[in-house]
Number of protein chains: 2
Amino acid sequence: MQRPADTPAKKPSRIQTRNRRRILEAALDVFSVEGYRGATLDQIAQAAGLSKPNILYYFDGKEAIHVTLLNAMMETWVEPLRRLDPEGEPLDELLRYIRRKLEMSREYPRESRLFANEIVQGAPRMRPHLEHGLKPLVDEKAALIARWVDEGRLAPVEPRHLIMSIWATTQHYADFEAQIAVLMPEGDVWDDAAAHVEGMFRKLLAPEAG
Amino acid sequence: MQRPADTPAKKPSRIQTRNRRRILEAALDVFSVEGYRGATLDQIAQAAGLSKPNILYYFDGKEAIHVTLLNAMMETWVEPLRRLDPEGEPLDELLRYIRRKLEMSREYPRESRLFANEIVQGAPRMRPHLEHGLKPLVDEKAALIARWVDEGRLAPVEPRHLIMSIWATTQHYADFEAQIAVLMPEGDVWDDAAAHVEGMFRKLLAPEAG
DNA sequence: CCGGCTTTTGACCATTTGGTAAATCCACGA
DNA sequence: TCGTGGATTTACCAAATGGTCAAAAGCCGG
């Protein structure tokens with residue numbers, strides 16, 4: 001059997017799980033800074049502490065690694081949005097979402113940049129996932145937000161553009177970290193960012209009092 | 001003379017200006033989609049309608065083209081920020097800046113993505129420019145905004161994070177266009193974006209009435 | 001401690017890619 | 001019109017890169 005990876009026939013051995021994890025970890029490092037085409041199997045192999053042919057023993061090729069990474073990551077990436085609770089208090093729900101999203105930018109900047117690279121370059125390997133995985137979720141949550149607005153529990157706002165703004169502002173701190181490192185004075189960038197972003201969206205979303 | 005490009009000794013011939021322009025135009029197309037390492041001289045050559053060696057006749061190499069593009073672009077890119085007028089009405093000035101920035105995302109998405117690619121990947125070829133070109137300008141304008149806040153002419157806001165938010169939200173529409181194309185319903189995305197972004201920052205920045 | 005599997009490696013390949021050298025083409029002013 | 005310098009092409013490299021293959025090495029239940 002050539003690809004123990006994809007065939008779910010047998011349970012993967014301990015070595016397999018360990019090495020696959022190592023490879024994905026290394027690949028995340030490399031892909032997230034070099035982009036897909038910029039990354040090389042040699043880089044990944046070296047970062048993983050394995051030989052290049054050995055990596056190709058575990059994955060069907062460079063693209064397979066990339067796709068595996070993107071898919072695995074998209075799950076956790078949209079999780080916070082999925083958690084938007086239709087039963088909750090609208091403003092609380094959205095602010096919690098925003099905080100969580102910013103946290104993820106801080107904790108998983110590599111994942112964010114992996115994604116950013118893919119999208120900036122036209123999402124060549126991810127468009128299907130965007131259409132069938134992300135779009136329905138965004139449609140659903142946009143409808144929810146629209147409902148909240150209709151009910152007067154949120155200030156009027158275009159739901160999809162709100163979501164874009166949240167993504168843009170939060171992910172910016174991960175994706176453009178190189179720029180931020182240059183422009184921001186030393187200090188609690190992340191704390192200030194949290195305060196700023198939360199305050200901004202609170203003002204945007206708070207329904208008119210009275 | 002090998003490099004009529006860099007040596008300012010003689011005025012460039014008509015052919016030179018034409019071909020250099022062509023090359024840069026083609027390179028912008030390619031680099032903005034593929035990133036630096038993803039782009040190939042063959043792609044650029046083909047897009048420019050020139051042969052590869054001919055391209056290397058006009059530029060010292062792949063990197064020289066990229067750097068030329070980045071530098072040329074940075075000028076126009078920060079121009080709107082430079083225009084923030086200390087004498088103007090703060091809210092008007094900032095909203096005008098925001099509108100202009102969004103306009104530029106619409107008119108020059110390739111430039112925006114070229115820049116995004118470079119920064120996401122750690123700004124390997126642009127850090128000096130960021131430090132010596134962009135940082136002083138941001139420092140200056142951040143101080144200006146801080147002054148406006150102190151004078152009570154803007155709602156309290158952390159100036160640098162405000163600037164980041166403006167960049168994030170406006171450039172997002174260019175940089176993540178592939179995603180937006182999937183998620184947004186057909187229609188005037190740009191008009192809605194303008195309304196949304198302007199409204200958002202107006203709420204954020206408007207000083208307390210009274 | 002053996003036999004059969006999983007895993008790993010060294011050698012190798014074809015293609016791509018950035019770049020070069022020299023020959024050729026061509027525009028244009030004297 | 002003709003020579004000359006700028007512009008262009010043809011024919012190449014050498015290195016990098018994704019990937020293959022068969023042999024070697026390790027691992028592990030019996």
Side-chain angles (χ1 to χ4, degrees), chain A residues 1-27 29-31 33-69 121 124-125, chain B residues 1-27 29-31 33-69 121 124-125:
Chain A
M1 191 152 298
Q2 263 291 94
R3 306 163 343 196
D6 290 354
T7 41
K10 303 268 174 175
K11 65 226 147 166
S13 78
R14 225 173 293 111
I15 292 184
Q16 286 205 16
T17 23
R18 172 174 55 89
N19 281 355
R20 275 180 68 90
R21 202 190 310 276
R22 269 193 198 174
I23 292 169
L24 289 174
E25 179 66 19
D29 269 349
V30 178
F31 279 130
V33 295
E34 307 281 355
Y36 177 71
R37 294 210 50 192
T40 74
L41 284 180
D42 292 288
Q43 280 176 293
I44 296 172
Q46 181 168 359
L50 298 174
S51 68
K52 185 168 62 172
N54 202 7
I55 280 188
L56 293 171
Y57 171 73
Y58 287 103
F59 286 89
D60 271 351
K62 186 183 176 181
E63 185 160 357
I65 303 177
H66 195 238
V67 168
T68 302
L69 269 181
Q121 303 189 359
R125 266 165 290 281
Chain B
M1 188 152 298
Q2 263 291 93
R3 308 164 339 199
D6 289 354
T7 41
K10 303 270 172 171
K11 66 225 145 170
S13 77
R14 226 173 292 109
I15 292 184
Q16 286 206 16
T17 23
R18 173 175 54 91
N19 281 355
R20 276 181 65 90
R21 203 190 310 275
R22 270 193 198 174
I23 292 169
L24 289 175
E25 178 67 19
D29 269 349
V30 178
F31 279 130
V33 183
E34 309 279 356
Y36 178 72
R37 294 211 50 192
T40 75
L41 284 180
D42 291 291
Q43 280 176 295
I44 296 172
Q46 180 168 0
L50 298 174
S51 67
K52 184 168 64 174
N54 202 6
I55 280 188
L56 292 170
Y57 172 73
Y58 287 103
F59 287 90
D60 271 351
K62 185 183 178 182
E63 186 160 357
I65 304 177
H66 195 238
V67 169
T68 303
L69 269 181
Q121 303 190 359
R125 267 165 289 282

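In what follows, every chain begins at residue 1, and chains take the letters A, B, ... in the order their sequences are listed. Computed from heavy atoms alone, side chains included, the values below leave out hydrogens, waters and symmetry copies.
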**Request:** Check the distance between D:dG6's P and B:R14's CZ and give it to me in whole angstrom.
**Result:** 16 Å

**Message:** So if I apply the side-chain contact (heavy atoms from CB on, under 4.5 Å) rule between A:I23 and each of A:N54, A:L69, A:T68, A:I55, which one comes out positive?
**Reply:** A:I55

**Message:** Using heavy-atom distances to pick each residue's nearest nucleotide on DNA chain C, tell me which of B:I15 and A:I55 is more 5'.
**Reply:** A:I55

**Message:** A:N19 vs A:R22, test: side chain to side chain contact (heavy atoms under 4.5 Å, CB included). Steps then yes/no.
**Reply:** CA-CA 5 Å; A:N19 281 355; A:R22 269 193 198 174; 4.3 Å; yes

**Request:** Determine, step by step, whether A:I65 and A:F31 satisfy the side chain to side chain contact (heavy atoms under 4.5 Å, CB included) criterion, reporting the C-alpha distance in whole Å, the side-chain angles of both residues, the deciding distance to 0.1 Å, and the verdict.
**Result:** CA-CA 10 Å; A:I65 303 177; A:F31 279 130; 4.0 Å; yes

**Asked** Any side-chain N or O of B:N54 under 4.0 Å from OP1/OP2 of D:dT10?
**Response** no

**Whole-Å distance separating the CD1 atom of B:I23 from the P atom of D:dA7** = 11 Å

**Asked** Does CZ in A:R18 sit with more than 12 non-hydrogen atoms of other residues, nucleotides or ligands closer than 6.0 Å?
**Response** yes

**Asked** Of all heavy-atom pairs between A:K62 and A:Y36, which one has the smallest distance, and what is that distance?
**Response** NZ-O, 3.0 Å

**Item:** Below 4.0 Å: OP1/OP2 of C:dT9 and any side-chain N or O of A:S51
**Value:** yes

**Message:** At less than 4.0 Å, is any side-chain N or O atom of A:Y57 found next to OP1 or OP2 of C:dT7? Yes or no.
**Reply:** yes

**Prompt:** Can a side chain N or O of A:Q16 be found less than 4.0 Å away from OP1 or OP2 on C:dT6?
**Reply:** no

**Complete:** In whole angstroms, the gap separating C1' of C:dA27 from CZ of B:R18 amounts to 12 Å

**Prompt:** For the residue pair A:V30 and A:A47, what are the closest heavy atoms and their distance?
**Reply:** CG2-CB, 4.5 Å

**Item:** d(CD, B:E34; C1', C:dT16) in whole Å
**Value:** 14 Å

Atom pairs, N/O to N/O, protein against nucleotides 15-19 of chain D, distance under 3.5 Å?
residue : atom : partner : partner atom : Å
D:dT17  : OP1  : B:R37   : NH2          : 2.8
D:dG18  : OP1  : A:A39   : O            : 3.2
D:dG18  : OP1  : A:K62   : NZ           : 2.9
D:dG18  : OP2  : A:L41   : N            : 2.8
D:dG18  : N7   : A:K52   : NZ           : 2.9
D:dG19  : OP2  : A:K62   : N            : 2.9

**Request:** Dump the intermediate steps for side chain to side chain contact (heavy atoms under 4.5 Å, CB included) on A:Q46 and A:T40, then the final yes or no.
**Result:** CA-CA 10 Å; A:Q46 181 168 359; A:T40 74; over 6 Å; no

**Fill in**
Separation of D:dT8 atom C1' from B:Q46 atom CD, nearest Å, is 18 Å

**Item:** Nearest-angstrom distance from the residue atom CZ of B:F59 to C1' of C:dG18
**Value:** 16 Å

**Complete:** Taken to the nearest whole Å, CZ/B:F31 to P/C:dT17 is 13 Å

